[in-house]
Amino acid sequence: MVNLTIDGKQVKVGKTATIYEAAQEAGIHIPVLCYAKKLLPYGACRVCLVEVEQMKGRLIPSCTTPVTEGMVVTTSTPEIVKVRKTVLEFLLVNHVIECPVCDKGGECDLQDLTYEFGLSTNRFEGEKFALPTDEINPLIERNMNRCVLCGKCARVCDEIVAYGSYSFINRGFESKIATAFDRGLNCEFCGQCVSMCPVGAILPRPFKFKARPWQLKEVDSVCGYCGNGCTVTLGVLGDKVETIRFNDKTGVNDGNLCIRGRFGYSYVNSGDRLTKPLLRKDGQLVEVDWKEAIDAVVDGFGKARTEKGLGILSGARLTNEELFLLKNLAQTLGTGNLDHSGGECYKGLTEGLKETLGVTASTATFPQVEECDVILAIRSDFYETHPVFGMVVNQAVKRHGAKLLVVSDKKGKFTKLPNAQTLLNAPGLEVNVLNAMAQTLLEENLAVIDGVDGSAEFKISLTDYTPEIVAKQTGVAADAIREAARKLAAAKKSAILLAYGLPYTGASRELGIAAANLAILTGSAGRQGSGLYICGEKANSQGAVDLGILPAGGALGAQGMLKAAAAGDLSALYVVGEDPLSSYPDRDQVEAALEKASFVVVQDIFLTPTAEKADVVLPAVSFAEKDGTFTNAERRLQRVRRGIPSPGDAKSDFAIFEMLAARCGSPVKYTGPAAVFTEITASIPEYAGISFDSIGPKGIVWGGETLAPARKKVLPAAGGKASEGPFTLVTGSALYHSGTVSTRAKGPMAVVSEPYIELAREDASALKVNEGDLLTVKGNGAEIKLKARIGTRLPKGVLFAPYHFGGAGINRLYKGQTAVAVQLSK
């Protein structure tokens, strides 16, 4: 610790603090423009100049100057104020005066500073910039006439996002922030630059002229998309969410958001939302009141119980409290057929983790990754599945020099990071590579085997997974596999990342086991600062696992239910917050299941393709219209808060489950989510001791920052076989979308509005395919047409199609395998 004096006040801070940070801790105000706590010190604007007794003769920037023992700082004297006013005058020389129409009005740092220092005139004159406004893209407006050259947009895009859209160009008076070749902005559109810009130079276009900041009610909640669990602050005006506000004071994301979180909220305001219950009469879905709808559901489920039974498919965007009520409702309805997503992905992965580690969750928290020496990312580029977690990895690599290993069938943004090494394998063979790494650890006596069960048998099972054998199978060089294993074993702090979800159904159990094996053999699992990260696709995937939204012993999982229904062996399906017809693997099977089941109930916020097939449709509400908790992928419980009223007669899943339970003869009446949460803590051991009201701005991580495995048992994991044929299709998440909900949000749709098939330039050249050409893809007995997207990240012969667009029929080709052999033609 360092002791110093600021404005006569004795202050003690850490050795790495700057004067500005020390002043902040002491509650002493120093004005800033270019400073942001998550960015590296920069010192561009000079607004934060202070006087240091030991540095007499000049003023120094407080935001870049580290504290030293005994330092005496003065933050405000007539001379300092005079200099700050002069600095502001310089900034305003070429800054346009258009505050009345600027959307930043009321929250502009420059405006605030000008007011604070009483700057009503300017002694300096200069020619104002007359740069054209960039309105080419639909999400971010750039008016560089307002820019004060603080560089925060360029720094956040490089330091946090790792995209590097912006840079300074020109010199002297002509200096400005611009994109490559000074063209229009064309990037990921995460909007990090929007959140960082202290003036009105970079603005969110969807929010333009919607409201002034003081008109908005701010409601802290949790993003409804992926399992990262980012805190979002809803900017509410009337009954609409008009924007997502920047907030780096709560949650786990330090104010960072991806395009989905920042620009994907508009679906909650959609006029297409379901507002009335629907009941099929004479073949048509017609609006009815809740009583008639619930009567029909109770009758239908009652009949199903006397026939071949009921299956329940739940989404993982319900709150923990809603999932708890759903599980109880399933018991009331007498069915163990309960699952929370398609395929055997969730079930398989959960089973694999239980068998190896005895826990079914990540063993460490996100911030710990930033301090890791080595990070292994399996199968998925986290910048696409969990973008904000990807930003954490970026900081680990760039700021702390972490070595990044990627085992994947395609290159991604991770591949481009410094020190990154991609072990590019043939599609569907990640398990083979992980097995070969495990074989190396054991063969070279690098593995931690004390207290590990099954290591001898496991070693024998790896006989067919030597690096040389796997190299021939996968295309990954044997030396690269060995080197990766050695790096992981040598790391003092390491992270193993594995994403899962609907498009990653294939071999999920084997991948879970293989990843856990490595976590055990390298000592990552349970070691302070290290961990295995299991990252679910949906906002509350981990909560669904924790709450046991999985088939009860011997009962049917998602695929089992659909298969049984398709065969006429299941009478009813209750689909809650999911659109299986659009997103589950094997669309033909889903269609057959919905057709053959004699009674189908869908509970959702839109009339999805699945809902269109239902007998009863119950209108539910979005994450922005309800209270409760989500559990993110690092086991962090966070509060979801209601920001806007429900549209029409739509009800929360919580309220609907209560109504159904009451009508089914098992009435429950809770005062609200807090009361249900109390019951959850009494029945879920991991949640014991946590109270609803104790979940503060940073949430609460159940099990602590480092979760000790209940056991350490290594198990054989069966590797895959390369698919045969000239082309292999893999599906998955695209950065701009999450599940199918984002396809109803204007922001993501403005960037990626339609399905596509991505192929390598080499393949495009051979087939004489141009960008946007319509291609025919045949495989698994199906044929679909998709527009071509040509890139450089895919190896020759590998195709990628995002699974989010139901109309494209990707799930007619994809039936849950890790990869699909297909034919491709113009």
Side-chain angles (χ1 to χ4, degrees), residues 222-230 252 258 260-261 312-324 326-327 338-354 359-363 365-366 378-380 382 384-389 497-505 508-509 511-512 515 532-551 557-558 575-580 583-585 623 628-638 640 653 680 684 686-687 699 701-703 707 732-733 737-742 803-804:
V222 181
C223 180
Y225 282 116
C226 80
N228 205 91
C230 294
V252 296
C258 68
R260 305 177 319 220
I312 302 175
L313 299 173
S314 172
R317 289 187 171 123
L318 276 65
T319 64
N320 288 317
E321 296 71 27
E322 290 168 339
L323 292 170
F324 180 81
L326 176 61
K327 189 173 182 182
L338 176 67
D339 206 349
H340 70 280
S341 205
E344 297 298 300
C345 179
Y346 293 81
K347 178 174 172 288
L349 189 70
T350 303
E351 289 173 350
L353 292 174
K354 267 185 183 172
V359 296
T360 53
S362 298
T363 63
T365 55
F366 291 158
I378 301 169
R379 185 174 55 184
S380 166
F382 276 73
E384 294 193 313
T385 57
H386 301 76
V388 174
F389 191 22
L497 322 182
L498 176 63
Y500 65 104
L502 278 168
Y504 307 104
T505 298
S508 62
R509 181 177 179 278
L511 265 171
L532 173 64
Y533 291 81
I534 306 296
C535 298
E537 180 189 17
K538 305 285 177 63
N540 201 27
S541 292
Q542 185 59 50
V545 172
D546 295 344
L547 272 290
I549 307 301
L550 293 163
V575 183
V576 184
E578 284 276 31
D579 181 12
S583 61
Y584 275 36
F623 78 102
T629 60
F630 284 163
T631 308
N632 81 348
E634 53 174 354
R635 298 173 278 111
R636 190 179 302 269
L637 279 152
Q638 298 183 103
V640 179
D653 297 290
I680 291 174
I684 308 294
E686 292 83 359
Y687 288 43
V701 180
W702 68 254
L707 181 67
S733 288
H737 290 282
S738 176
T740 57
V741 176
S742 59
Y803 85 106
H804 314 285

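Because the structure is predicted, anything quoted here is derived from the model rather than measured. Just so it is clear, the values below take in all heavy atoms, side chains as well, and ignore hydrogens, waters and symmetry mates.
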Q. For the residue pair S341 and E578, what are the closest heavy atoms and their distance?
A. OG-OE2, 3.5 Å

(Q) So does L498 get a backbone contact from the side chain of R379, meaning a donor-acceptor N/O pair under 3.5 Å? (A) no

Q: List for me each residue that meets ring pair (Phe, Tyr, Trp, His ring centres under 6.0 Å) alongside Y500, sequence neighbours excluded, and say none if there are none.
A: Y346

Q. In Å, rounded to the nearest 0.5 Å, how long is the span from CD1 of I312 to NZ of K327?
A. 12.0 Å

Q. Can you name the nearest heavy-atom pair linking S362 to L707, along with the distance?
A. O-CD2, 3.8 Å

Q: Sequence neighbours left out, what passes side chain to side chain donor-acceptor pair (under 3.5 Å) with T629? Give chain and number order.
A: N320, E321

(Q) Suppose we screen for side chain to side chain donor-acceptor pair (under 3.5 Å). Which residues come up paired with T365, at least two apart in sequence or across chains? (A) Q368, E705

Q) Going through the distances and angles, do L547 and I680 end up as a side chain to side chain contact (heavy atoms under 4.5 Å, CB included)? A) CA-CA 8 Å; L547 272 290; I680 291 174; 4.2 Å; yes

Q | Heavy-atom pair of closest approach, residues Y803 and G739 | A | OH-CA, 3.4 Å

Q) Shortest non-hydrogen contact from I684 to D546? A) CD1-O, 3.7 Å

Q. Does N228 offer a backbone N or O that forms a donor-acceptor pair with the side chain of N632 under 3.5 Å?
A. yes

**Q.** Sidechain-backbone polar pair: S583 side chain, P580 backbone, donor-acceptor under 3.5 Å
**A.** no

(Q) How long is the straight-line distance from CZ of F630 back to CG of L318, given to the nearest 0.5 Å? (A) 8.0 Å

Q. So, Y504 versus T385: side-chain donor-acceptor pair below 3.5 Å or not?
A. no

Q. Distance from C226 atom SG to K538 atom NZ, nearest 0.5 Å?
A. 11.5 Å

**Q.** Considering all heavy atoms, the nearest L349-G512 contact
**A.** CD1-CA, 3.4 Å

Q) Distance-only, no hydrogens or angles: does the E686 side chain make a donor-acceptor pair with backbone N or O of W702 under 3.5 Å? A) no

Q) Is there side-chain contact between V252 and R636, with at least one heavy-atom pair below 4.5 Å? A) yes

Q. With distance as the sole test, does E351 use its side chain to make a donor-acceptor pair with the main-chain N or O of R509 at under 3.5 Å?
A. no

Q.
Are the side chains of L353 and L532 in contact, using a 4.5 Å heavy-atom criterion?
A. yes

Q. How many angstroms lie between CD1 in I534 and CG in L511, if you round to the nearest 0.5 Å?
A. 9.5 Å

Q) If we only count heavy atoms from C-beta on, is the Y225 to R317 side-chain gap below 4.5 Å? A) yes

**Q.** Side chain to side chain, F366 and V388, heavy atoms closer than 4.5 Å
**A.** no

(Q) Quick check: do L497 and C535 have side-chain heavy atoms less than 4.5 Å from each other? (A) no

**Q.** Evaluation steps, side chain to side chain contact (heavy atoms under 4.5 Å, CB included), between T631 and N540
**A.** CA-CA 6 Å; T631 308; N540 201 27; 3.8 Å; yes

Q.
Using side-chain heavy atoms (C-beta onward) and a distance below 4.5 Å, is E322 in contact with S314?
A. no

Q | Contact check, side chains of D339 and I549, non-hydrogen atoms, under 4.5 Å | A | no

Q | ring pair (Phe, Tyr, Trp, His ring centres under 6.0 Å) between F389 and Y533, intermediate numbers included | A | CA-CA 11 Å; F389 191 22; Y533 291 81; 5.6 Å; yes

Q.
Within the 4.5 Å heavy-atom criterion, are S733 and P503 side-chain neighbours or not?
A. yes

Q. Does Q638 reach the main-chain N or O of V222 with its side chain, forming a donor-acceptor pair under 3.5 Å?
A. no

Q. Quick check: does any side chain N or O of Q542 sit under 3.5 Å from a backbone N or O of T360, one acting as donor and the other as acceptor?
A. yes

Q | Whether R260 side chain and H737 backbone form a donor-acceptor pair below 3.5 Å | A | yes

**Q.** Shortest non-hydrogen separation from H340 to A316 and the atoms involved
**A.** CD2-CB, 4.1 Å

Q.
Quick check for you: to the nearest 0.5 Å, what is the distance between L323 atom CG and D653 atom CG?
A. 8.5 Å

